[in-house]
There are 2 protein chains.
Amino acid sequence: MYMPVLELPPVRDLAACCAPITREPISEDSAEKFARSLKALADPARLRIVSMVAAHADAEACVCDLQQPLGLSQPTVSHHLKVLTDAGFLSRSKRGTWAYYTLVPGSLDSIAGLLATV
Amino acid sequence: MYMPVLELPPVRDLAACCAPITREPISEDSAEKFARSLKALADPARLRIVSMVAAHADAEACVCDLQQPLGLSQPTVSHHLKVLTDAGFLSRSKRGTWAYYTLVPGSLDSIAGLLATV
DNA sequence: CCGGAACATCGATGTTTGTCAATATTTATG
DNA sequence: CATAAATATTGACAAACATCGATGTTCCGG
């Protein structure tokens, strides 16, 4: 009594050069999303903004606070703040004529955590 | 290459809107370097490459291994591998006609660690 | 209600980047 | 040495991006 031979899946030619896969790599979709988050951080001005916000008491800063040390125009600073906010790293609250930006708690950590799983 | 505006505006009135600084934000230089590293990772194809390399037995893969699942041309895959290698995330070793890429141990972790200090 | 202050949005511009086709380079093999 | 295979490099091009000046918008004080 013997088992029927199982048909082999249409595997690609593994013979030549490469080691087998030991686990699934991240999906195309996850890569896309993760890349979007990293892109939001991958700019010197934006990294400094995040750092400056974190360096403030209350982890809070307004545009007027950032413009001069960054050496960038006000529209450019606003642009970067929007990118960081859209990506979920900062949140905006307006009080009077000022707009205060604060770090979203855990947002940086979650990126750091994702890096470990890549 | 375009330069940000260099001239510093006259000292602004600090009185008005903002909380004091509790620690020094990262330097312009560190921001520049860190951004370069993040930029190298901030691309869907490159994240998938890193993941695919890590997913291989021996954490090693050759170009031929990556091209088809990525759905990109061979020159494009080589380009991404070069970016990741120059940034210190992958290392290359050639054996015969094949080029094997492996993860540089700790390189991802060090980026994750830097994120915490921003 | 008017002027000014803080910030956002828009439009334009030069730069960087991701991609591919074509070509060069390197290595093994006949 | 000639050929083929795997990879790298080059050149070109369109899309994305960072930046700024000009302009809109919102809010406060007189």
Nearest-angstrom distance from the residue atom CD of Glu32(A) to P of dA16(D)
12 Å
Return no unless some side-chain N or O of His80(A) is found under 4.0 Å from OP1 or OP2 of dT19(D).
yes
Check for me, please, whether Val83(A) and Leu41(A) land in the same ILVMFWY cluster - side-chain distances under 4.5 Å, paths through other members count.
no
Does dA8(D) have OP1 or OP2 under 4.0 Å away from a side-chain N or O of Ser78(B)?
yes
Distance in Å, Leu66(B) CG paired with His80(B) NE2, rounded so as to fall on 0.5 Å steps
11.0 Å
Separation between NE2 (His56(B)) and OG1 (Thr102(B)), nearest 0.5 Å, reads 13.0 Å
dC17(D) C1' sits how many Å from Lys82(A) NZ, rounded?
15 Å
Between Pro75(B) and Thr97(A), the residue closer to the 5' end of DNA chain D by nearest nucleotide is Pro75(B)
In whole angstrom, give the distance that lies between atom CG of Leu38(A) and atom P of dA16(D).
19 Å
Can you find a side chain N or O atom of Ser73(B) that sits less than 4.0 Å from OP1 or OP2 on dC20(C)?
yes
For the pair made of CG in Leu84(B) and C1' in dG18(C), what is the distance, rounded to whole Å?
13 Å
Return no unless some side-chain N or O of Tyr101(A) is found under 4.0 Å from OP1 or OP2 of dA6(C).
no
Taking OH from Tyr100(A) and P from dT26(D), how many angstroms apart are they, rounded to a whole number?
19 Å
For His79(A), report the nucleic acid contact type (base, sugar-phosphate, nothing); a contact means any heavy atom under 4.0 Å.
base
Between the base of dA6(D) and the side chain of Gln74(B), is one N or O donor paired with an acceptor at under 3.5 angstrom?
no
Output the distance between atom CZ (Arg46(A)) and atom NZ (Lys39(A)), rounded to the nearest 0.5 Å.
10.5 Å
Distance, rounded to the nearest Å, where Gln67(A) contributes CD and dT19(D) contributes C1':
13 Å
Stepwise side chain to side chain contact (heavy atoms under 4.5 Å, CB included) test for Arg92(B) and Leu81(B):
CA-CA 9 Å; Arg92(B) 195 184 96 115; Leu81(B) 286 167; over 6 Å; no
Please state how far atom CG in Leu72(B) lies from atom P in dA8(D), giving the value in whole angstrom units.
15 Å
Contact under 4.0 Å: Thr76(B) side-chain N or O vs dC20(C) OP1/OP2
yes
Whole angstrom value for the distance that separates P of dA18(D) from CZ of Arg36(B):
15 Å
Counting only side-chain N and O atoms of Arg92(A), is one of them less than 4.0 Å from OP1 or OP2 of dC7(C)?
no
What contact category does Arg95(A) fall into here, base, sugar-phosphate, or nothing, at under 4.0 angstrom with non-hydrogen atoms?
nothing
Between dG18(C), dT7(D), dA21(C), which one does the side chain of Arg46(B) approach most closely?
dG18(C)
